[in-house]
2 protein chains.
Amino acid sequence: MTATPATCDRILDAAERLFAEEGFHATSLRQITQAAEANLAAVNYHFGSKQALILAVFRRRLDALNEARLARLDQALAGSDQPDLEEILEALVVPALALTHGNADDGHRFMRILMRAFADRDDHLHRALSAEYAHVMRRFASAIVIALPGIDELKLRRQLDFIVGALTHTMAESCSKDARAIADDLVQFAAAGLRSSVSVQKPDGASRTLEIHS
Amino acid sequence: MTATPATCDRILDAAERLFAEEGFHATSLRQITQAAEANLAAVNYHFGSKQALILAVFRRRLDALNEARLARLDQALAGSDQPDLEEILEALVVPALALTHGNADDGHRFMRILMRAFADRDDHLHRALSAEYAHVMRRFASAIVIALPGIDELKLRRQLDFIVGALTHTMAESCSKDARAIADDLVQFAAAGLRSSVSVQKPDGASRTLEIHS
DNA sequence: GTCTATACAGTGATAGAC
DNA sequence: GTCTATCACTGTATAGAC
């Protein structure tokens with residue numbers, strides 16, 4: 001018999017869907033409990049607070065993600081004393097992107113959650129700001145094309161996103177006060193990443209440097 | 001005569017300070033207007049809404065940041081047909097990190113704002129989650145040390161932050177559905193960045209490969 | 001234990017007087 | 001421009017029904 005899920009799970013499901021559609025801050029507990037056909041007080045009974053409910057929604061997905069990551073990491077480390085760097089990085093990256101950019105039903109919904117949670121830093125502030133300063137990024141993209149002629153422009157756009165993400169994350173999380181050293185590291189890291197895509201993917205064999213990873 | 005600033009500016013200053021200390025969501029308009037010695041309705045009169053006030057606080061700082069970036073970019077592009085990639089990236093990165101990790105009075109306060117705004121994705125959710133899954137990142141750090149023996153561990157920690165930032169940002173912002181291509185690009189980008197720090201900075205000359213960027 | 005009804009203090013926003 | 005008064009709504013807490 002497939003009875004309706006328990007109240008606790010109905011709340012989690014409704015919360016996940018509404019958070020993804022509207023954002024955390026914009027979704028009220030009354031909306032959630034109404035969609036879950038539960039009483040308002042049930043969420044505080046089962047989870048303790050709205051914040052704890054948000055955490056529970058995340059935990060349900062992140063547990064699975066990190067299990068998948070570690071399983072793939074074990075596979076990359078198994079059998080060899082000298083594991084492959086690319087395989088290690090794939091274990092970190094692929095399960096995450098499959099979750100957010102994949103087509104599976106649950107995954108797709110969770111992608112929108114994560115998108116809201118991490119992009120929607122206070123409602124639509126981030127979207128408004130990045131649109132407002134998009135011209136700055138366009139200027140940098142043009143400059144990099146000059147510095148690295150022949151770079152694939154779609155790939156460059158992605159890589160600029162990588163760099164901006166690394167920079168933003170570092171600005172937000174890093175506790176170190178040593179801005180100079182961090183900046184040096186990030187510049188070196190980003191430059192190597194950008195150069196690697198030029199040397200690896202140029203189809204006309206002018207100066208292929210595939211032996212770069214000897 | 002240095003009269004007290006206009007109401008509009010007093011609100012901006014108070015909001016910036018309180019947002020930085022408490023976060024957006026946790027700071028009420030009543031706190032702000034009280035600290036600014038203004039009336040509650042003044043914020044809606046001058047800015048229209050709480051969201052618009054947040055945006056105004058950001059714009060005041062980001063305008064200066066992006067001006068500094070573009071000025072430095074122009075400098076990097078001037079005088080040569082073939083600008084230096086590192087100088088371009090420094091123009092993007094250094095002014096931002098100077099603002100958030102520097103010691104200037106205003107900058108330090110703004111650093112805390114940005115930190116709250118971008119890290120404090122819904123109160124302390126992000127802190128709780130990253131603590132909960134910190135062991136996963138530790139496992140990956142260990143794996144990378146095996147794959148890249150001799151890598152500096154402080155630098156590796158920073159670079160892992162770069163990768164996580166790039167990944168998070170991409171999960172949140174990227175609209176492309178092509179998870180496989182994005183993952184490939186990120187893996188290649190990150191691997192090149194990591195390898196560059198090993199080959200460039202090893203002090204014992206065993207296998208210096210500085211000619212890697214020939 | 002699970003769930004409900006209800007009450008409460010505090011929020012952002014707004015209309016209208018001064 | 002500024003202020004007071006008020007509104008609908010929020011998350012949370014509690015007392016009690018099943």
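Below, each value reflects all heavy atoms present in this structure, side chains not excepted, and no hydrogens, waters or symmetry copies.
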Fill in: N/O (side chain, B:S28) to phosphate O (OP1/OP2, C:dG10) under 4.0 Å
no
Worksheet item: Quick one: is A:Y45 getting a side-chain N or O under 4.0 Å of the C:dT2 phosphate, OP1 or OP2?
Response: yes
Discussion item. So that I know where these two stand, are B:H25 and A:H25 an aromatic pair - ring centroids less than 6.0 Å apart?
Written reply: yes
Worksheet item: How long is the line joining NZ of B:K50 and C1' of C:dG10, in whole Å?
Response: 12 Å
Worksheet item: Aromatic rings B:F19 and B:F24: how do their planes relate, parallel, tilted or perpendicular, breaks at 30° and 60°?
Response: perpendicular
Worksheet item: Atom CD1 of B:I54 and atom C1' of C:dT11: how far apart are they, to the nearest Å?
Response: 14 Å
Worksheet item: Starting at CG of B:L18 and ending at P of C:dT11, how long is that distance when rounded to a whole Å?
Response: 12 Å
Worksheet item: Counting just side-chain N and O atoms, does B:N44 come under 4.0 Å of either OP1 or OP2 of C:dA13?
Response: yes
Worksheet item: Looking for any heavy atom pair under 4.0 Å, which part of the strands does B:A41 touch: base, sugar-phosphate only, or nothing?
Response: base
Response to the item:
Out of D:dT2, D:dG11, D:dC3, minimum distance to the side chain of A:L29 belongs to D:dG11
Worksheet entry | base_contact_polar (C:dG12 base, B:R30 side chain, donor-acceptor, <3.5 Å) | yes
Practice prompt. Using a 4.0 Å heavy-atom cut-off across all strands, classify A:T33 as base, sugar-phosphate, or nothing.
Written response: nothing
